[in-house]
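In what follows, chains are A, B, ... by sequence order, proteins preceding strands, each numbered from 1.
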2 protein chains.
Amino acid sequence: MPKQTFFNLSEDKRNNIKSVALDEFSEYSFSKSSINRIVENTGIAKGSFYQYFEDKLDLYRYILQCIAEEKINYIQKYTSELSSGDFFDYLKATYSSGIAFAIDHPVYAKIGIFLLKEDERTQQMIYGDLMTTGENFVKNMILEGQEKGSIRQDISADFIAFIINKLNLASTEYLKSKTFDDDFYKDYEEFSNSIIDLIKNGIKSVL
Amino acid sequence: MPKQTFFNLSEDKRNNIKSVALDEFSEYSFSKSSINRIVENTGIAKGSFYQYFEDKLDLYRYILQCIAEEKINYIQKYTSELSSGDFFDYLKATYSSGIAFAIDHPVYAKIGIFLLKEDERTQQMIYGDLMTTGENFVKNMILEGQEKGSIRQDISADFIAFIINKLNLASTEYLKSKTFDDDFYKDYEEFSNSIIDLIKNGIKSVL
DNA sequence: TGATATTATGACCTTAGAGTCACATGGAGG
DNA sequence: CCTCCATGTGACTCTAAGGTCATAATATCA
């Protein structure tokens, strides 16, 4: 957590630091990002930086936390409207809102991609235990779906959860390099339909 | 390319260097890998290293090339037996032989994962243009399949090729963390069947 | 205004990386 | 035995990183 000093700062200053940090972490992976650059771009002295944050990781975790809060709010707006309880409906809502979020916040998306591409050691360092809550959540939904019979049981839930998360990353990465008017997909709705369709018809029970 | 000096070396010395380099690059990404460590582990002097290679990238590219050659030979053994010309048969052969290769050569697999996780800048630096030959190859096969009607045409070939490559990476990464006797999959054949099945039933034409 | 607590500063430290270079070593041919 | 050239060497440079610290500036309040 940032030090109290950081929160005592004026909103302008805090926002400036956050904005510069976002730019830095969206351009460079955690290890390649540089406090020197951040300090230079904010215009604050290096010593000041260390009055605000314990170290580079402290700042990075704080930035991730800010993004996560925004994203959770964003996705909940979509998923809270659902009532069917169907796994695929829920997955699709999560997916398309996740993509919408990434499109709305390309800088956040880039940071997410960097994070998911980090090697194990670095990921472990960044979020000690509390990670994979997302993955576990998906896994539990899959297990439930398998019990109910809406998802085939001859593939391990573990593996499906893993694949779904990877596809999510892949989608974000793919979209990053595309503009929507130059390609097949007219909007992200259509795009997320495609991918959910791919998952669904690949893993649903054959009735 | 390594300098002539390197190829003048005794086979023992060359193999030693290659072996140490393989270990280094399978443990660290390109940027985190260290010539100092490599030099220390080989027992050669740092000056000698630069008699053999232009720089770190030169060594890295050489190692990748060695791996690629082995892998191509390996996969061709499987795919050359095929005669059906069916996209999915071919894909499955590529897939399962790719997985078999990764299991046979875990060190190579780790290097491959690191490589595919590099950011764009680094990837661009590593293999200037000649990259994505794999991806393009898959894409052309998909386009062909779409013309013939064996693959649905309402998803862009670009995207499918991208997804297939990502799934390939995901599989390798997933397998890395699993031992085969503690989990659902008894052998990699079954595993690659699952994933091809997932792709196939997701993208094949509904006849 | 003067005393005290908070914040700001940048020169400086340590560490580690890639890459260099003047010099040492050793074997092959005259 | 001596010369010559390929090979071997490690101390060295340069650069850039993260992080520290004594000191200066500023704000707070009596």
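Rounding to whole angstrom units, NZ of residue A:K56 and P of D:dA16 are separated by 15 Å. As a whole-Å value, the separation of A:Q51 CD from D:dT23 P is 16 Å. Going from atom OH of A:Y60 over to atom P of D:dG18 covers 14 Å, rounded to whole Å. One atom, CZ of A:F49, and another, C1' of D:dT20, lie 14 Å apart when rounded to the nearest Å. Between the OH atom of B:Y52 and the P atom of D:dT9 there is a distance of 7 Å, rounded to whole Å. Rounded to an integer number of Å, the gap from A:K32 NZ to D:dG18 C1' is 18 Å. As rounded to whole Å, 17 Å separates atom C1' of D:dT7 from atom CZ of B:F7. Rounded to an integer number of Å, the gap from A:N8 CG to D:dA27 C1' is 12 Å.
Under the 4.0 Å criterion applied to side-chain N and carboxylate O atoms, B:D119 and A:K32 are assigned as salt-bridge partners. In this structure, B:D158 pairs ionically with B:K139, as a charged nitrogen and a carboxylate oxygen lie closer than 4.0 Å.
Closest to the side chain of A:Y50, out of D:dT7, D:dG8, D:dT20, is D:dT20.
A:N36 has no side-chain polar atom (N or O) that falls below the 4.0 Å cut-off from OP1 or OP2 of D:dA16. Applying the 4.0 Å criterion to OP1 and OP2 of D:dG10, one finds that B:K46 has every side-chain N and O outside that range.
Summary of the strand contacts: A:G47 and A:I35 both lie near DNA chain D, and taking for each the nucleotide with the nearest heavy atom, the more 5' one is attributed to A:I35.
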**Message:** Test ring pair (Phe, Tyr, Trp, His ring centres under 6.0 Å) on A:F114 and A:Y28; report intermediate values, then the result.
**Reply:** CA-CA 8 Å; A:F114 271 125; A:Y28 302 96; 8.0 Å; no
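Counting 5' to 3', DNA chain C first comes under 4.0 angstrom of a heavy atom of chain B and last does so at the ends given by C:dG17 to C:dC21.
Scored by the salt bridge (charged side-chain N to carboxylate O under 4.0 Å, His left out) test, A:E118 finds no partners at all (sequence neighbours excluded). Judged as a side chain to side chain contact (heavy atoms under 4.5 Å, CB included), and not counting sequence neighbours, the contacts of A:S48 are A:I44, A:A45, A:Y52.
Residue-level contact check: B:S33 touches the backbone only, with heavy atoms under 4.0 Å from sugar-phosphate atoms and none from bases. Looking at heavy-atom distances under 4.0 Å, A:K3 makes no contact with the nucleic acid at all. Within the 4.0 angstrom heavy-atom criterion, base atoms lie near A:S48.
Cation-pi contact between A:K56 and A:F30: present, with separation from the ring centre below 6.0 Å and deviation from the ring axis of at most 45°.
At a threshold of 4.5 Å between non-hydrogen side-chain atoms, the residues A:Y108 and A:I63 do not count as touching.
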